[in-house]
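In what follows, a single structure is set out as structure tokens and then discussed.
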Amino acid sequence: MTDDTPRDFIRQIIHDDLESGKHDQIVTRFPPEPNGYLHVGHVMSICLNFGVTEETGGQTYLRFDDTNPGKEDVEYVQAIEEDVRWLGFDWGQRLTHASDYFERIYAAAEQLVERGLAYVDSLSAEEIREYRGTLTEPGKNSPYRERSVEENLDLLRRMRAGEFADGEQVLRAKIDMASPNINLRDPALYRVRHVAHQATGDQWCIYPMYDFAHTMSDAFEGITHSLCTLEFEDHRPLYNWFLDQLQPQHRPRQIEFSRLNLAYTLTSKRKLNALVAENIVSGWNDPRMPTIAGMRRRGYPASALRDFVTRAGVTKKDKLIEMGMLENSVRESLGDTAMRRMAVLRPLKVILSNYPEGQVEMMTAMNHPNDPDMGTRDVPFTRELWIEQDDFMEEAPRKFFRLKPGGEVRLRSAYIIQCDEVIKDEQGNVVELHCSYDPDTRSGTGSSDRKVKGTIHWVSAAQAVDAEVRLYDRLFTAVNPNKADDFRTVLNPDSLVTANAKLEPALAELAPGTPVQFERLGYFCVDTQDDAASARVFNRIVTLRDSWAKLERQALESENQAGTSPSRK
RNA sequence: UGGGGCGUAGCCAAGCGGUAAGGCAUCGGGUUUUGAUCCCGUGUACCGCAGGUUCGAAUCCUGCCGCCCCAGCCA
């Protein structure tokens, strides 16, 4: 950073706490529950928690909030670790679990019981719900609320000892059943659950609830700032109640910020899960998924994700950010670093009638037009080439700068060609173009400084490498699929389109995951999962900005408007 | 209808009583063997609305409106 002006309200608070001497060092934590994969929303939290300590020389814990066995799995803890590491953050020795503190959390619970601040309730779950009241009506006390300390302690110990079945007893904090804040109406602290835990096995049959476990874990680790999302704002009074009553050595402060929502994407874990379970996508790392694993496989650089959330900012306002913002970050981080290559997605055969049969010229092409240091590679040029179907139009509009009958175009890094003849099949489809090349216009030779308006990409047919290229688009057609009654009704049927492409030979050696730009098309990478020597598979990371496509779209729109809306201006 | 939050341009977002930064998008233009990149330029923002305090308010006060969250023995 160029100056020490905090970028957002949380960094401002942290800055002030450091300045005032309240803290010498900042300690934060990223506390995912290992019950699913991390997504874009989490990137924000990860970058914030690790970011503030990176900036101030503090420490951040990666803590698994594993207090609900049965829903959690080690598969997820490994994936989460990998995702955080991939994003570029290091927790050092600070990898912990809420379950590491089960004994101490339990001791805190006994303490509350001993001080008459918690009791064992024998009401059923349904009864507790009834007693809780509603948003507008106060709740009423449980008949078990006034049990003696001795009885409560005995009951709690017997809960731990396994004398009760699931749901039979629950430990509750004794706060205020009439509180306007429902979280304070005697919240549950411990429930009985005879389920093996992924880390502690069958050592426990009672498990602490989130609010209690989280507050205590934060205190035990000496977290100075416990950063979480807005929906926990109502829990802060409870968080502070625990701290007030138990007076741990460290007193963390909870601060809430708004979630990051991306337009046209889903971030509900349950729904993401359904996409996978119902095979709507190929898995948690399907390149269309908003998961970190999905975006990584798609080819988004970690730096782009970090840049994106930094630009989005940390505030308390609900956000629904446009996709264009993320794509901009992706393009920006790829633009200067990705090598340029040529590939034809929808091939159209071109035959250069005046080019010697059997001749192969090696054309020198720059790996990056703006950076000579990135070097060059040789691209074979022959009589038979593939060009993009979209780059030819029989009846082209005025501003179409590509190939048309009788027209000229430059083949990138090669010659200028002219279209002499259009070959069609019985149905009238264009199947082949007969063109002639101008030997005087070979790229870089300077023998001719003739200019043509358009330049198109191409691949020599004989040396072309075949590949499956997967073209991805947004998974949903609704801006906020989270809000749809059924997300299945707003799925984008074209979120994945496959093309049988022709690649220049240099692409055969590309390592999986390495991003390259297919000139004029976008950024692509070899898929890390499905690619094989026998069947190359590429993913489209993101398209290039395309002002021609924009022009076309605008033309279409104005045409539609003129044709279909006679009344409304 | 109880409680907790939030409202600055299409989307983000600075601003912290002295007269509305920036990014993305948009729209123009220039360079270009990627219609890319790059470079210039482009916004009458009634600062949710209405009052009030003040020489002066996006910033302070009051009232209203809109949106989000909360009634798991989930996190």
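Residue numbers begin at 1 in each chain, while the letters A, B, ... track the order of the sequences. Computed from heavy atoms alone, side chains included, the values below leave out hydrogens, waters and symmetry copies.
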Sub-3.5 Å donor-acceptor pair from the side chain of A/Asn367 to the main-chain atoms of A/Met374, do we have one?
yes
To the nearest angstrom, the NE2-C1' distance between A/His457 and B/rU34 comes to 9 Å
When rounded to whole Å, the NE2 to C1' distance for the pair A/His194 and B/rC73 reads 13 Å
Using the [atom1] atom on both, measure [N] against [M] and round to a whole Å.
N      : M      : atom1 : value
B/rC65 : B/rG72 : P     : 29 Å
B/rA9  : B/rC70 : P     : 26 Å
B/rU42 : B/rC60 : C1'   : 36 Å
B/rC61 : B/rC67 : P     : 25 Å

Residues in salt bridge (Lys or Arg N to Asp or Glu O under 4.0 Å) with A/Asp121, at least two apart?
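Once residues adjacent in sequence are excluded, the partners of A/Asp121 under the salt bridge (Lys or Arg N to Asp or Glu O under 4.0 Å) criterion are A/Arg172.
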Given protein heavy atoms under 4.0 Å, the one-letter contact record of nucleotides 23-31 of chain B, with B base, S sugar-phosphate only and - none, is simply BSSSS----
Residue pairs involving residues 182-198 of chain A (criterion salt bridge (Lys or Arg N to Asp or Glu O under 4.0 Å); sequence neighbours excluded):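 Found A/Arg145-A/Asp186.
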Q. When you match A/Ala414 and A/Lys71 each to their closest nucleotide on RNA chain B, which lands nearer the 5' end?
A.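 The residue closer to the strand's 5' end, by nearest nucleotide, is A/Ala414.
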Practice task
Let me know, please, whether A/Ile456 or A/Ile321 comes out on the 5' side of the other along RNA chain B by nearest nucleotide.
Solution key: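 Whichever sits nearer the 5' end wins; that is A/Ile321.
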| With a 4.0 Å cut-off on heavy atoms, is A/Gln517 in touch with a base, just the backbone sugar-phosphate, or nothing at all? |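 Since a base atom lies under 4.0 Å of A/Gln517, the category is base.
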Check your understanding: How should the glycosidic conformation of B/rG72 be described, syn or anti, under the criterion that syn lies within 90° of 0?
Key ->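 B/rG72: syn.
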Test ring pair (Phe, Tyr, Trp, His ring centres under 6.0 Å), reference A/Tyr101, set A/Phe220, A/Phe212, A/Trp204, output is A/Phe220
Inset, instruction - Could you pull out all residues at least two apart from A/Tyr523 that satisfy side chain to side chain donor-acceptor pair (under 3.5 Å)? - result: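 So A/Tyr523 forms a side chain to side chain donor-acceptor pair (under 3.5 Å) with A/Gln517.
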Residue set satisfying side chain to side chain donor-acceptor pair (under 3.5 Å) with A/Asp234, at least two apart, ordered chain then number -> none
Of the listed B/rC70, B/rA13, B/rC73, the closest approach to the A/Asn183 side chain comes from B/rC70
(request) Please determine if a side-chain N or O atom of A/Arg193 lies less than 4.0 Å away from the OP1 or OP2 oxygen of B/rC74. (result)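 Looking at the OP1 and OP2 atoms of B/rC74, one of them is under 4.0 Å from a side-chain N or O of A/Arg193.
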Test of understanding: with side chain to side chain contact (heavy atoms under 4.5 Å, CB included), list the residues that count as partners of A/Lys453, not counting sequence neighbours.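 Listed in chain order: A/Phe401.
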